[in-house]
Structure formats: structure tokens, C-alpha cells
Amino acid sequence: MVLATGGTIAGTAASAGDNVGYSAAQIGIEQLLARIPALQGLPVLAEQVAQIDSKDMDWDVWRALAQRCAHWLAQDSVQGIVITHGTDTLEETAYFLQQVLAPAKPVVLTCAMRPATALLADGPQNIVDALAVAAWPGAQGVVAVCAGVVHAADDVAKVHPYRLDAFGSGDAGPLGHVEEGRLRLLRNWPVAPVNTAPSAIENIAKAQQLPRVEIVLNHAGASGAMVRDLVAGGVRGIVVAGTGNGTLHQGLEAALLAAQAGGVALLLASRCANGSIVRHAAGPIRMHARSAVKARIDLQLELLA
Ligand code: SIN
């Protein structure tokens, strides 16, 4: 089952030579799949869940996508799901779906860095590779496939604004490679957390919005002003991306601790691209092992529950 959400993979430019001056989310999924000769005659169904540039990803699309995934995953005839998605927030959607679905079948997000009209568009091959992973015996959990590389939802991050191989898995490294339709697995499939998914999908079906959680970054000259503004605006949670091993400017830290004392939930991540915070003892702010954008999803789901 292919679920489409838009992105550059469905984008169009005025000329075939233009890889950057295009509009994302223009071509429907049926049309995109019909252009790929390798898929003709295969038992592949498609559904257009949304048609957006993923920079505009929002709760309505996430909720609809999670619900459509849950629906199709429950069908015995469905072996796996491929989701076409923009690259910009792909890592957030992948992590969100892993947290709420924890699927025993594969859910494979794929994308493109060049629009569908490009001279050498990367989208068709990425779709073919993603379908190969979704159909692979034993495949499970939410993963991303781009430029022949398979990344686990927990680890995947967009690491380059332009090149075709735009994603990385940090210290963990990729899960595997797709080579001429075959998967070469480098490590085990991510293990799905047990018993989290049913309540999570029920909670999100009922929610009109996710609780408001914002991300604040520590940096030279950081102060507590932004935190105080967020608290005054009614924020429910703040994820702070600390410098290095989770360090915070003293002014920012004081404002965060005051917010926490007033009932705002906090999580501390590192703004470093690799690794996670290592501590001798627990500090005053709970730590999160993943990136700030993924920590934000966990805090939102926690507050929702
Ligand atoms: C998007 O994220 O929807 C646009 C950018 C891309 O897909 O590369």
C-alpha cells in the first residue's frame, strides 16, 4: 500500500534542468506510480492522504496518516506500507509513526531531492527501493529509504540540503542498503516497543491538537527571555537543545527551571548532530537520547496521554 503526502517527489519545475526552483506536492500518486515501468503488474495500491510541502506538516496530516496506516496494517492482504513524503520533516513523521504504531509490518517512508520533472529524477528509484524493503521478508517497524540507504526511524535525520543522499543515521549507522531490489541488512530491524501502540492510536484519534511544545536552542548569548515569553503564551512543554553534553547558558537554565517549577514539562536534548548526553548523575531536567525534534514528539505524546 502506498500512502502519499506530497513533497519534492511529487514536485514540478518549469524546466527539466531546474532541480531547486520547483513547487513541491503537485502530482498525484497514481500518476507518479504509472510513470514507473518496473511497477506495472505488481499488486501495489495507492491512496493520496495529503498533498503538501513537508515544511508545512501539521497535526491533521499526522493524525490522518497514522489512522490510514493503522487501517491498512490491520489488513491481512497488506504486506507493508510505503509513504511518499517531503524530505524536510521526514524524520519527524517517521519517528511519530514509530512511536504511535510500533508496527510489526514495515512502514517505509521515501522521498526525493529532485522534482518529478527533473532530467535525472531520484523519486522513481526511491519508490522502487522502498517497495522492495516493504515487501522484504521479516521487515518490520518504521524506516526511511533514500538513495539506496535504509535508516531506522529512531536514527534518521536529514543531514544535507541538496545532495541526493541527504539522510544519515548518526552514530548508529544505516540499517542497510537496497541493491538492485535486494536488501543488504547491516544490523537487526528495530524492535517494536510492546503494548504502546493501541493506546497511542486511540489517543491521537480523539485529539484535535497536540499539546503545545516548543523547542529552544542554547547558544552563545542565550537568555531566558524566550522561555518567559513561551510560558506567558501558555506553552505546555519545552524541549531545550543544549550545547555539547547538554549544557545551558545560566540565564536560560534559570528561566527553564522557573518554568518547570510552574508546571511546564521540560526535556533536554543535545544540539550535537551525533551521540546523546552522557551524565554521571541525573540533573534537574529530564534528558532525551534523540534529537530535539524527536524529543518534542515524545513530550507531546506524553502530555497527550
Ligand atoms: C518537502 O519537504 O516537502 C520539500 C523538500 C523535499 O521534499 O526535498
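Read the numbers this way: they start at 1 and go in the same order the structure lists the ligands and their atoms. Quick note: numbers below take in every heavy atom, side chains included, and nothing from hydrogens, waters or symmetry partners.
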Between ligand 1 and the protein, find all N/O pairs closer than 3.5 Å and give the distance for each.
from, atom 1, to, atom 2, distance (Å)
ligand 1, 2 (O), Ser54, OG, 2.6
ligand 1, 2 (O), Thr87, N, 3.2
ligand 1, 2 (O), Asp88, N, 3.0
ligand 1, 3 (O), Asp53, OD1, 3.2
ligand 1, 3 (O), Ser54, N, 2.6
ligand 1, 7 (O), Thr8, N, 3.1
ligand 1, 7 (O), Thr8, OG1, 2.9
ligand 1, 7 (O), Thr87, N, 2.8
ligand 1, 8 (O), Thr8, OG1, 3.1
ligand 1, 8 (O), Thr87, OG1, 2.4
ligand 1, 8 (O), Ala112, O, 3.4

Parallel, tilted or perpendicular: ring planes of Tyr95 versus His288, cut at 30 and 60 degrees: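 The arrangement is perpendicular - the two ring planes meet at more than 60°.
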On a heavy-atom basis, which atom in [X] and which in [Y] lie closest, and how many Å separate them?
X      : Y      : value
Arg114 : Ala118 : CB-CB, 3.9 Å
His219 : Leu217 : CD2-O, 3.1 Å
Val239 : Leu299 : CG2-CD2, 4.2 Å

Gap separating the CD1 atom of Ile9 from the SG atom of Cys111, nearest 0.5 angstrom: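 SG of Cys111 is found 6.5 Å from CD1 of Ile9.
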Within 6.0 angstrom of Glu180 CD, more than 12 heavy atoms from elsewhere: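 Incorrect, the count does not exceed 12.
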